[in-house]
Amino acid sequence: MLEILTVTRTKCSFCTARNHCAACSQELSEALAEKPGVHSAEVDIPEKALRIAHDLDRDALEDMLDGMGLMVD
């Protein structure tokens with residue numbers, strides 16, 4: 001399933017600058033793509049967008065994202 005979600009909150013533990021820049025987006029995208037059940041992911045923190053292809057149910061997806069510091073609508 002391909003979904004495009006709005007990122008409503010970010011608590012980024014990946015970016016050393018802690019300013020939610022494009023580099024942080026790339027690091028989050030790569031980390032998400034490695035998660036079980038995720039086929040591809042593209043995070044755009046400045047645009048507050050997440051494009052993700054996965055085969056997870058909604059609860060599992062939200063739990064995984066929350067564990068990575070991303071809250072979505």
Atom pair [atom1] ([X]) and [atom2] ([Y]), whose distance is rounded to the nearest 0.5 Å:
X   : Y   : atom1 : atom2 : value
L65 : M71 : CG    : CE    : 9.5 Å
E62 : D57 : CD    : CG    : 9.5 Å
R9  : K48 : CZ    : NZ    : 13.0 Å
L61 : L50 : CG    : CG    : 7.5 Å
S25 : D44 : OG    : CG    : 5.0 Å

Which heavy atom in [X] sits nearest to a heavy atom in [Y], and how many Å separate them?
X   : Y   : answer
R58 : L5  : NH1-CD2, 3.6 Å
V43 : S29 : N-OG, 2.7 Å
P36 : L56 : O-CD2, 3.9 Å

>> One pair to check against side chain to side chain contact (heavy atoms under 4.5 Å, CB included): E3 and V72. What are the steps and the verdict?
In response: CA-CA 11 Å; E3 291 189 75; V72 296; over 6 Å; no

> Are M64 and H54 close enough, and set up right, to give a side chain to side chain contact (heavy atoms under 4.5 Å, CB included), and what steps lead you there?
Replying inline: CA-CA 12 Å; M64 180 189 62; H54 65 90; over 6 Å; no

>> For L32 and L70: C-alpha separation, side-chain torsions, deciding distance, then whether side chain to side chain contact (heavy atoms under 4.5 Å, CB included) applies.
In response: CA-CA 11 Å; L32 268 172; L70 293 171; 4.3 Å; yes

>> Can you confirm whether more than 12 heavy atoms, excluding those of E42, are under 6.0 Å from its CD atom?
In response: no

